[in-house]
There are 2 protein chains.
Amino acid sequence: MLQSANLHYDKQINDAVLLGSEPNSIQELFRKQPVERLVAGQSLFFEGDAAKHLFEVVEGTLRIFKIISDGRRVITGFLHAGDIVGVSLKDRYLYSAEAITNTKVRRFSRKAFDNEVAGSPQLRPEVFARLCDEMAAAQDQMVLLSCKSAEERICTFLLRELLRAASDGEVDFVIELPMTRLDIADYLGLTIETVSRSITKLTSKGVLAPVGRHSLRVVKRSALVQLSGGDDELARDGWKLAGCERRPRH
Amino acid sequence: MLQSANLHYDKQINDAVLLGSEPNSIQELFRKQPVERLVAGQSLFFEGDAAKHLFEVVEGTLRIFKIISDGRRVITGFLHAGDIVGVSLKDRYLYSAEAITNTKVRRFSRKAFDNEVAGSPQLRPEVFARLCDEMAAAQDQMVLLSCKSAEERICTFLLRELLRAASDGEVDFVIELPMTRLDIADYLGLTIETVSRSITKLTSKGVLAPVGRHSLRVVKRSALVQLSGGDDELARDGWKLAGCERRPRH
DNA sequence: CGCTCACTTGACGTTGCTCAAACCGAGTGG
DNA sequence: CCACTCGGTTTGAGCAACGTCAAGTGAGCG
């Protein structure tokens, strides 16, 4: 698998040794690797394949997903510039990865990576931190999927994207959504129709405003927070919640 | 928090140094620690508390969960004898932990643990492996919550428990379920009523048989597999699934 | 211009949630 | 030994959110 038809990947990439300079961040490790290009829709690797490489996303967006036996697809995450994919892997990929947009990645041999990390007390905490973040994100997603309504899911998703955009320096309240509605639906455990309807409803409420085909403007951020059933990943601090009476689900 | 009212925990536990013998498994690390007892319902730690300790479950069952702002509870996992809780943590607990049954645990200081691991090339792969397993489990749970019907969730859950029991040496097809229906419901993203109805339906189909109050006998394991929407954690090998046409959700 | 593909909108059906009542085993006290 | 209570659980009836099916819209592109 992974025929890498039009991948710029021929050279001695796997054996990068990085003599001399001890890298003290994961990013640095990848910096010397050549950039490979993926066109929109192209696969990077498949669930079940031997996990020989890690990847750093340089530019663009990927989806990672599982296909279950009856053909249903579950998207477990989206990857953006700066993300590393494959840290939490043993010998096989747990999921498939595909480019949503045209994407640039850097590749690093898993074995070399493990060696680098094993030999560097600098790197280990960073790897560990990334694993923890990944775990925290997975738990947030479980919360979302466990007990949030369609609208709450959409709002949570949009807030995450907004937060990410903000941390990337985007100051205006415009969210880029390179993925299709089907991607969003498969990520949030909904259908395209429900996703579409929820977004329509939010725009008609004046919370969102459409900006071109693949972007949304957040008009009322506070309303979005309100409607997201706010628990996680915004206020990872204020642990107040005294009364624990259960509320109806929806 | 964590007043440890009736915890047998007074001595110099945190500073266990383990002179001389380099431990080469995590279990061994905990072996020297005193056993603490929790009565059913007792809390071990709370979401948001400073994560000062890791715990090994020696005996009994714990639930780990989050409470979201409106009081809804999401159980993200159950812990059984042999499990370690807290490996995937940074400075704060991401979830609360409570004993379901009377439970025995061993405690280990996070700082000491990190030191041990940092200094031992033996231990690191094991820690890493546990993290990966945790991650894989989280992904399986996301798949379950994303797109499985109530019955599929129940069947998947029961199969997991069966598998666990089997790996613990239990040969007969009896599953112990120390947790309440509410626990199961909050774990599977359902209500108690739906859990109850699903189990009733499965017993009336002859797939299950009730054994006492808190146990179930699996009469037709194959049917259970069939009905689980089988994708994950049974056959982590057979990656065939050619056709990818989507099937209706339920 | 006319295709396709992503998306939107509408009508309808079903799953699973809500509310409510009955059930049952385990304690507890008379 | 029985009555009583009290959780946890089961069962039933009704309903609403969301999925399904189907038709319509609009943008991109050869």
Side-chain angles (χ1 to χ4, degrees), chain A residues 40-41 63 70-74 100-102 144-155 157 176-204 208-216 227 229 245-250, chain B residues 40-41 63 70-75 100-101 144-155 157 176-204 208-216 227 229 245-250:
Chain A
R63 58 182 161 243
D70 51 31
R72 285 176 289 187
R73 182 181 70 162
V74 181
I100 290 178
T101 60
N102 291 346
L144 182 146
L145 295 169
S146 267
C147 64
K148 286 194 176 180
S149 71
E151 194 173 71
E152 288 175 326
R153 294 182 198 200
I154 296 287
C155 290
F157 171 66
E176 298 286 328
L177 296 175
M179 66 290 288
T180 68
R181 297 293 137 112
L182 184 56
D183 288 331
I184 298 175
D186 285 350
Y187 180 55
L188 299 179
L190 300 169
T191 58
I192 32 176
E193 293 93 335
T194 302
V195 170
S196 183
R197 271 187 260 269
S198 299
I199 292 180
T200 304
K201 199 167 143 204
L202 287 170
T203 65
S204 71
L208 302 175
V211 176
R213 193 75 175 160
H214 273 260
S215 296
L216 283 173
L227 293 169
E245 54 280 323
R246 289 163 70 82
R247 191 188 83 165
R249 300 249 161 178
H250 301 298
Chain B
R63 59 183 160 242
D70 50 33
R72 286 176 288 187
R73 183 182 71 162
V74 181
I75 292 185
I100 290 178
T101 60
L144 181 145
L145 295 169
S146 266
C147 65
K148 285 194 175 181
S149 71
E151 194 172 71
E152 288 175 325
R153 293 180 198 201
I154 296 287
C155 291
F157 171 65
E176 298 286 328
L177 295 176
M179 65 291 287
T180 69
R181 298 293 137 113
L182 183 56
D183 289 330
I184 299 175
D186 285 350
Y187 180 55
L188 298 179
L190 301 171
T191 57
I192 34 176
E193 293 95 333
T194 303
V195 171
S196 183
R197 271 187 260 269
S198 299
I199 292 179
T200 305
K201 199 166 142 203
L202 287 169
T203 65
S204 72
L208 301 175
V211 176
R213 193 73 176 161
H214 275 261
S215 296
L216 283 173
L227 292 169
E245 54 281 324
R246 287 164 71 82
R247 189 188 85 161
R249 299 249 161 174
H250 303 296

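A, B, ... follow the sequence lines: proteins, then strands. Residue 1 opens every chain.
- Side-chain proximity of B:Thr194 to the nucleotides C:dG10, C:dG16, D:dG19 is greatest for C:dG16.
- Side-chain atoms of B:Arg153 stay outside donor-acceptor range of the base of C:dG16, with no qualifying N/O pair under 3.5 Å.
- Close to D:dT10, at under 4.0 Å from its OP1 or OP2, lies no side-chain N or O of B:Thr200.
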Kindly give the atom pairs (protein nitrogen or oxygen, nucleotide nitrogen or oxygen) under 3.5 Å for nucleotides 5-9 of chain D.
{"residue": "D:dT9", "atom": "OP2", "partner": "B:Arg181", "partner atom": "N", "Å": "2.8"}

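- In this structure, CD1 of B:Ile154 is placed 14 Å from C1' of D:dT10, rounded to the nearest angstrom.
- B:Arg63 pairs by the salt bridge (charged side-chain N to carboxylate O under 4.0 Å, His left out) definition with B:Glu98, B:Asp183, not counting sequence neighbours.
- Taking A:Thr200 as the reference, A:Ser196 meet the side chain to side chain contact (heavy atoms under 4.5 Å, CB included) condition, with sequence neighbours excluded.
- Checked against salt bridge (charged side-chain N to carboxylate O under 4.0 Å, His left out), B:Arg181 has no partners two or more places apart in sequence or in another chain.
- Checked against D:dC18, D:dA22, D:dG12, the side chain of A:Ser149 finds its nearest nucleotide in D:dC18.
- Taking the salt bridge (charged side-chain N to carboxylate O under 4.0 Å, His left out) definition, one finds that B:Glu176 meets it with nothing, sequence neighbours left out.
- A donor and an acceptor atom never sit less than 3.5 Å apart when one is taken from the side chain of A:Glu151 and the other from the base of D:dC18.
- With sequence neighbours excluded, the residues forming a side chain to side chain contact (heavy atoms under 4.5 Å, CB included) with B:Ala40 are B:Asn102, listed by chain and number.
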